[in-house]
Amino acid sequence: ALTTGSDGFIYQGGYNIGSFVKKIDPQNGLEKWTRTFSSPYIKALASGNDGSIFASGGDAGRESFVKKLFYLLAPTDISLSSTSFNENINAASIVATLSTTDQDASDTHTYSLVSGAGDTDNSSFYIDGSNLKINLSPDYETKSSYLVRIKATDLGGLSYEEAVIFNVHDINEAPTDIYFLTTNFNESIYSGATIATLSTVDADASDTHTYSLVSGTGDSDNAVFTIQ
């Protein structure tokens, strides 16, 4: 049994251990997918005006049947709400919400991280429903981008895969320590002599720093010194 669907593809029905319907590309004759059923022989196919395919058939001693097949078109794209995120976000934060382009308007989709080109950092993420979440808090200075491969599967079992690059935003992080070249000096040095050179520990390697004497615990002798 053959028919042409509203999408221009050829649909073939038949029986081989179980009933089947195949979708065939008329341009090259290649099979796009096959669905199998426990129903008896498919003897006729017809195209519905809503994009579906009707299969009918039966065999000796069994009731005839008519089956309506939906979700015949595979997804064609995956969209992400964002392809970048800030460093230092919490573990399990949502980095993107996923949605799918599919000509079957009423179709719904499930998502998974799959092996293939672009799956380098799949293990750094997991999918919760339609949300892509990161396993551990990211650090720009350690890793500035991630590459993952995502698969969308529709209700008919048809799927689309795509590799996505996520960029990490470098956030200005506060300094974590001040180093002094020395913490002692001789008596009788002249006024204005340099007694220490200061440097700062900062995760932002290219950052620069200014220094000042400030009020607070340990400021007893601030007035004795200046910073230049």
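Note: hydrogens, waters and symmetry copies are ignored here, and every other heavy atom, side chains too, is used.
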_Residues forming a side-chain contact (heavy atoms from CB on, under 4.5 Å) with Ala193, sequence neighbours excluded_ = Ile189, Tyr190

*Say whether Ile89 and Ile94 are linked into one hydrophobic cluster, either directly or through other cluster members, by side-chain heavy-atom distances under 4.5 angstrom.*
no

*Which salt bridge (Lys or Arg N to Asp or Glu O under 4.0 Å) pairs, counting each pair once, include a residue from residues 115-129, with sequence neighbours left out?*
Asp121-Lys143, Asp128-Lys133

*From Ile195 CD1 over to Thr183 OG1, what is the distance, rounded to the nearest 0.5 angstrom?*
10.0 Å

*Check Pro75 against Ala152 and note the closest heavy-atom contact, atom names and distance.*
CG-O, 4.1 Å

*Would you please name every residue forming a side-chain contact (heavy atoms from CB on, under 4.5 Å) with Thr36, sequence neighbours left out?*
Phe20, Thr34

_Other residues, nucleotides and ligands only: do more than 12 of their heavy atoms fall within 6.0 Å of CD on Gln103?_
no

*To the nearest 0.5 Å, how far apart are CG in Leu45 and OH in Tyr11?*
10.5 Å

_Residue pair Gln12 / Ile24: nearest heavy atoms and the distance that separates them_ = OE1-CD1, 3.6 Å

*Go through the structure and list residues passing side chain to side chain donor-acceptor pair (under 3.5 Å) with Glu162, not counting sequence neighbours.*
Tyr160

*Do Asp102 and Asp77 pass the side chain to side chain contact (heavy atoms under 4.5 Å, CB included) test, and can you show the C-alpha distance, the side-chain angles, and the key distance before you say yes or no?*
CA-CA 7 Å; Asp102 194 321; Asp77 197 13; over 6 Å; no

_As an exercise, state the distance from OG of Ser93 to CG of Leu136, rounded to the nearest 0.5 Å._
11.0 Å

*Apply side chain to side chain contact (heavy atoms under 4.5 Å, CB included) to Ser47 and Ile53, showing your working.*
CA-CA 5 Å; Ser47 177; Ile53 295 292; 4.2 Å; yes

_Please give the remaining members of the hydrophobic cluster of Val66, linking ILVMFWY side chains under 4.5 Å, ordered by chain and number._
Phe54

*Atom pair CG (Leu98) and CD1 (Ile127), whose distance is rounded to the nearest 0.5 Å*: 5.5 Å

*For residues Thr108 and Thr100, determine if any side-chain heavy atom of one lies less than 4.5 Å from a side-chain heavy atom of the other.*
no

Let me have the donor-acceptor pairs involving side chains of residues 196-205, under 3.5 Å, with sequence neighbours excluded, atom names and distances please.
| from | atom 1 | to | atom 2 | distance (Å) |
| --- | --- | --- | --- | --- |
| Thr200 | OG1 | Tyr211 | OH | 2.7 |
| Asp202 | OD1 | Asp204 | N | 2.9 |
| Asp202 | OD2 | His209 | NE2 | 2.8 |
| Asp204 | OD2 | Glu173 | N | 2.6 |

*Just jot down the side-chain contact (heavy atoms from CB on, under 4.5 Å) partners of Val114, sequence neighbours excluded, or say none.*
Ser112, Arg149, Lys151, Glu161

*asked:* Thr210: which residues meet the side chain to side chain donor-acceptor pair (under 3.5 Å) condition with it, sequence neighbours left out?
replied: none

*Taking all atoms of both residues into account, what is the closest heavy-atom pair of Ala163 and Gly118, and its distance?*
CB-CA, 4.0 Å

*Might you point out which heavy atoms bring Pro26 and Gly8 nearest each other, and give the distance in Å?*
CG-O, 3.3 Å

*Does Asp139 offer a backbone N or O that forms a donor-acceptor pair with the side chain of Glu87 under 3.5 Å?*
no

*Atom pair CD (Glu31) and CZ (Phe9), whose distance is rounded to the nearest 0.5 Å*: 12.5 Å

*Counting distance only, does the side-chain N/O of Asp154 pair as donor-acceptor with the main-chain N or O of Leu158 below 3.5 Å?*
yes

*Got a sec: does the CG of Leu155 have more than 12 other heavy atoms crowding it under 6.0 Å?*
yes

_CZ on Phe85 to CG on Leu132, rounded to 0.5 Å_ = 8.5 Å

*Cluster link Val21 to Ile10, ILVMFWY, side chain under 4.5 Å*: no

*Positive for side-chain contact (heavy atoms from CB on, under 4.5 Å) with Phe166, one of Ile134, Val148, Leu147*: Val148

*Would you please test Lys43 and Ser56 for side chain to side chain contact (heavy atoms under 4.5 Å, CB included) and show each step?*
CA-CA 6 Å; Lys43 296 182 178 180; Ser56 64; 5.7 Å; no

*Partner residues of Ala92 under the side-chain contact (heavy atoms from CB on, under 4.5 Å) criterion, sequence neighbours left out*: Tyr126

*Does any non-hydrogen side-chain atom of Arg35 lie less than 4.5 Å from one of Lys22?*
no

Which pairs would a plain distance check flag for residues 213-228, meaning a side-chain donor or acceptor within less than 3.5 Å of a matching protein atom at least two apart in sequence or in another chain?
| from | atom 1 | to | atom 2 | distance (Å) |
| --- | --- | --- | --- | --- |
| Asp219 | OD2 | Gly216 | N | 3.0 |
| Asn222 | ND2 | Val214 | O | 2.8 |

_Closest contact, heavy atoms only, Ala96 versus Ser82_ = CB-O, 3.4 Å

*Please report the closest heavy-atom contact between Ser159 and Thr153, naming both atoms and the distance.*
CB-OG1, 3.8 Å

*For Thr97, all residues meeting side chain to side chain donor-acceptor pair (under 3.5 Å), sequence neighbours excluded*: Asn131

*Not counting sequence neighbours, which residues clear side chain to side chain donor-acceptor pair (under 3.5 Å) with Ser52? List them please.*
Asp50

